[in-house]
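Below is one structure, written out as structure tokens, with a few remarks after it.
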Amino acid sequence: MWICKAPANIALIKYMGKHSGNIPCNVSLSYTLSEFTTEVKLAQKNIADEFFSEELSEHEREKFLKHLAYIKKLCNFRGYFSINSKNSFPKSVGIASSASSFAALTMCAFKAISEINGNSMPSVEYMSAVSRVGSGSSCRSFFAPWCIWRGEYATNINIPIDVEHELIFISGRRKEISSSEAHERVKTSLLAQGRFERAEKRCDYLITALTKGEWKSAYQICWEEFFDMHALFETSDPHFGYILPKTLEALIKIREFWEKYNDGPLVTIDAGPNIHLLWRKEGNNKSDLCLRKKFHQLLS
Ligand code: DP6
């Protein structure tokens, strides 16, 4: 039996729009969520690959098996596996598990096949690129704490700032439009024109802001970026969306908080209603903790 664990990640500059093989139309930048992981177990079997996980839909299971078949083909491997996958976080928290689950499956499949064949493991860069073919955003889960992904390859990026992730949980309802479908639909939006250039520019600005410690600028860029992606969703034909009234309510409070204290967390929202915050950790000093306390009082 082989076991591998991989983390989820949250993008501050979003991957939305792709070419075949899940090659992104623009650069993306993510923070790896080490506390949200998927563990995959593979065991050798005789007849056919088989998948067990209560956490995935029928469609997701098919995608998983297809990805395993792809890796076996790459490795010229003819055996079979049973696959078990388990998230460290409950389904109801509304965090997309596709990045962590595809990354964990990819690592585990290479680990198992390399051991059986007596080969050494491929490089992390190669496994990340293979994982990308299964689900694009999973290629970023191979690098921590920060990852930049452009074209076929994702890689580490050194951002000299320590942050802590927090989730504002709004709803755990399964999304009606999958991110794969969203990638297709956004092509119909009139706002799609210029989107990739905007994301590229923002990525440069964000890296500069984070590197120079210009926290407020970083907050402004992240805010513009997630609203840009959600505006694409809302202006597609047919339009769709993930933001719920409670999401908006919390966003307005976050904005008011920033206006009042001229400080606060970075904010982003993925293809779902939940809000991800990144807090700056400056040695966990008292003023940071005090700010977070005030924030939670305001939100409650
Ligand atoms: C909104 O990686 O789920 O989370 O490549 O089709 O599997 P596929 O899509 P997926 O897209 C994630 C899109 C996003 C933004 C992001 O993570 O960058």
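On a predicted model such as this, the values are computed, not experimentally measured, just so you know.
- In the hydrophobic clustering of ILVMFWY residues, with side-chain heavy atoms under 4.5 Å counting as a link, Y15 and F102 come out apart.
- Between R292 and E166 a salt bridge is recorded (basic side-chain N to carboxylate O distance below 4.0 Å).
- Using a 30° and 60° split on the angle between ring planes, F51 and F64 fall in the perpendicular class, above 60°.
- Two rings, from W223 and Y219, have their centers less than 6.0 Å apart.
- T38 and S101 share no donor-acceptor pair across their side chains, judged by distance under 3.5 Å alone.
- Atom OH of Y205 sits in a sparse spot, with 12 or fewer heavy atoms from other residues, nucleotides or ligands closer than 6.0 Å.
- Side-chain contact between N274 and I269 is absent, with no heavy atoms from C-beta onward closer than 4.5 Å.
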For a side chain to side chain contact (heavy atoms under 4.5 Å, CB included) check, start with the C-alpha distance between L277 and I254, then their side-chain angles and the critical distance, and finish with the verdict. CA-CA 10 Å; L277 306 178; I254 296 170; 3.9 Å; yes
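- The closest side-chain heavy-atom distance from E184 to K187 is below 4.5 Å.
- At distances below 3.5 Å, not a single donor-acceptor pair connects side-chain atoms of S179 with backbone N or O atoms of A182.
- S137 has its side chain out of reach of R132: every pair of non-hydrogen atoms, C-beta onward, lies at least 4.5 Å apart.
- Between E200 and R150 there is a salt bridge, since at least one side-chain N of the basic residue sits less than 4.0 Å from a carboxylate O of the acidic one.
- Checked by atom type, the side-chain pair N119/S114 shows no donor-acceptor distance below 3.5 Å.
- Listed for the S141 side chain is a donor-acceptor partner under 3.5 Å among the backbone atoms of P7.
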List the steps and the verdict of side chain to side chain contact (heavy atoms under 4.5 Å, CB included) for W149 and S30. CA-CA 8 Å; W149 170 29; S30 60; over 6 Å; no
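- In plain terms, the two heavy atoms of L244 and S171 that are nearest each other are CD1-CB, 3.8 Å.
- Here the CG-CG distance, from D49 to L68, works out to 4.5 Å after rounding to the nearest 0.5 Å.
- In terms of heavy atoms, C147 sits closest to A154 at SG-CB, 3.7 Å.
- Rounded to the nearest 0.5 angstrom, N22 CG and E152 CD are separated by 12.0 Å.
- Using cut-offs of 30° and 60° on the angle between ring planes, the pair F77 and F81 is parallel.
- Side-chain contact check for F142 versus T106: some heavy-atom pair is nearer than 4.5 Å.
- Side-chain atoms of R140 and N9 form a donor-acceptor pair, as typed in the model, at a separation below 3.5 Å.
- Using a cut-off of 4.0 Å between Lys/Arg side-chain N and Asp/Glu carboxylate O, E39 and K86 are scored as not salt-bridged.
- With respect to D270 and K14, a salt bridge is recorded, a charged nitrogen being found less than 4.0 Å from a carboxylate O.
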Could you go through V40 and I83, starting from their C-alpha distance and side-chain angles, then the distance that decides it, and tell me whether this counts as side chain to side chain contact (heavy atoms under 4.5 Å, CB included)? CA-CA 7 Å; V40 165; I83 320 166; 3.9 Å; yes
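- Under a hydrophobic-cluster definition in which Ile, Leu, Val, Met, Phe, Trp and Tyr are linked whenever side-chain heavy atoms come within less than 4.5 Å, directly or via other members, I13 and I23 are assigned to different clusters.
- The cluster map of Ile, Leu, Val, Met, Phe, Trp and Tyr, joined by side-chain heavy atoms under 4.5 Å apart, puts M1 and M121 in different clusters.
- For the atom pair OG (S135) and CG (L105), the distance works out to 11.5 Å, reported to the nearest 0.5 Å.
- Contact check for W146 versus T32: no side-chain heavy atoms found under the 4.5 Å cut-off.
- The distance between the ring centers of F295 and W279 falls below 6.0 angstrom.
- Annotation for L191: hydrophobic cluster partners, listed by chain and number, are M16, I177, V186, M229, L232, F233, F240, Y242 (ILVMFWY side-chain heavy atoms under 4.5 Å, direct or chained).
- In plain terms, the two heavy atoms of V27 and C203 that are nearest each other are CG1-CB, 3.6 Å.
- With a 6.0 Å radius and a threshold of 12 heavy atoms from other residues, nucleotides or ligands, K18 has its NZ atom above the threshold.
- Considering every non-hydrogen atom in both F226 and V267, the closest pair reads CD2-O, 3.6 Å.
- Hydrophobic cluster membership differs between Y80 and L74, with clusters built from Ile, Leu, Val, Met, Phe, Trp and Tyr side chains linked at under 4.5 angstrom.
- Contact of the P273 side chain with the T247 side chain is registered, since non-hydrogen atoms from C-beta on lie closer than 4.5 Å.
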Let's go through L266 and L12 carefully: what are the C-alpha distance in whole Å and the side-chain angles of both, what is the deciding distance for side chain to side chain contact (heavy atoms under 4.5 Å, CB included) to 0.1 Å, and is it a yes or a no? CA-CA 9 Å; L266 304 187; L12 296 180; 4.2 Å; yes
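- Residues S189 and T235 share a closest heavy-atom pair of OG-OG1, 2.7 Å.
- The two residues G272 and H230 have their closest heavy-atom pair at O-CE1, 4.2 Å.
- Between the CG atom of L251 and the CG atom of L248 there is a distance of 6.0 Å, given to the nearest 0.5 Å.
- Of the inter-residue distances, the one linking L29 atom CG with I159 atom CD1 reads 5.0 Å to the nearest 0.5 angstrom.
- With respect to the salt-bridge test (charged N to carboxylate O, under 4.0 angstrom), the residues E256 and K260 do not qualify.
- Without hydrogens or angle criteria, S82 side chain to E50 main chain gives no donor-acceptor distance under 3.5 Å.
- Salt bridge R185/D237: absent, no basic N to carboxylate O contact under 4.0 Å.
- Separation of atoms CG (N156) and CD (E125) is listed at 8.5 Å; rounding is to 0.5 Å.
- In this structure, K5 places its NZ atom where only 12 or fewer heavy-atom neighbours from other residues, nucleotides or ligands lie under 6.0 Å away.
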Any chance you could lay out the salt bridge (Lys or Arg N to Asp or Glu O under 4.0 Å) test for D162 and R280, step after step, and finish with the verdict? CA-CA 6 Å; D162 227 1; R280 181 176 37 172; over 6 Å; no
Start with the C-alpha gap between S88 and T37, add the side-chain angles, then the distance that decides, and say whether side-chain hydrogen bond (donor to acceptor under 3.5 Å, both in side chains) holds. CA-CA 5 Å; S88 70; T37 58; 3.3 Å; yes
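- Atom NZ of K45 is surrounded by more than 12 heavy atoms from other residues, nucleotides or ligands within 6.0 Å.
- Counting only heavy atoms from C-beta outward, the side chains of S300 and H296 never approach each other to under 4.5 Å.
- Without hydrogens or angle criteria, S131 side chain to S128 main chain gives no donor-acceptor distance under 3.5 Å.
- A chain of hydrophobic side-chain contacts below 4.5 Å, direct or via other Ile, Leu, Val, Met, Phe, Trp or Tyr residues, connects L65 to W2.
- A salt bridge is absent between D263 and K216: the closest approach of a Lys/Arg side-chain nitrogen to an acidic carboxylate oxygen does not fall below 4.0 angstrom.
- No close placement of the H276 and Y31 rings is indicated, their centers lying 6.0 Å or farther apart.
- Residues I161 and W215 form a side-chain contact, since some pair of their non-hydrogen atoms from C-beta on lies under 4.5 Å apart.
- Ionic pairing of R195 and E225 is present here: one or more N-O contacts between side-chain nitrogen and carboxylate oxygen are shorter than 4.0 angstrom.
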